[in-house]
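All remarks here apply to the structure that follows.
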Amino acid sequence: MERVAPISYATGGGSRSAGWQQQVRVDYVVNKVMQTHRGRAEDSVAQAIHDQLRAVGVVPNGRQIAVYAAAISALPELPPNKK
């Protein structure tokens, strides 16, 4: 019988921390909401973040959503796009 090759659980360079995909999704949603909801009321911004996080499969963190919503609502509205 042949020997079994040793197994190494160590990862090489370029490894990512646990939850990196979730953070990418959160960043995407926050940036998207920042473009569409800046200058609006905090509860409207928070609800938009919450709904969109759920849509991409992320369980929302209420405290973090409140921080993002406060920052986004404090931003000035973007001028409308001219095409």
- prompt: Going by atom types only, do Q47 and D51 share a side-chain donor-acceptor pair under 3.5 Å?
  reply: yes
Exercise: identify the closest heavy-atom pair between I49 and A69: CD1-N, 4.2 Å
query: Any side chain to side chain donor-acceptor pair (under 3.5 Å) pairs touching residues 28-40, not counting sequence neighbours?
result: H37-R40
field: Smallest separation among heavy atoms of A41 and S73, with atom names
entry: C-CB, 4.3 Å
message: Give me the atom names and distance for the closest heavy-atom approach of P60 to H50.
response: CG-CD2, 3.5 Å
query: Of the non-hydrogen atoms in E42 and A66, which two are nearest, and what is the gap between them?
result: OE1-O, 4.5 Å
task: Establish whether V24 and I65 are linked, either directly or via other cluster members, by ILVMFWY side-chain heavy-atom contacts under 4.5 Å.
output: no
- request: To the nearest 0.5 Å, tell me how far L53 CG sits from Q64 CD.
  value: 10.5 Å
field: Residue pair Y68 / V33, side-chain heavy-atom distance below 4.5 Å
entry: no
message: Quick one, I72 with V30, criterion side-chain contact (heavy atoms from CB on, under 4.5 Å). Give me CA distance, side-chain angles, the key distance, then yes/no.
response: CA-CA 9 Å; I72 292 171; V30 169; 4.2 Å; yes
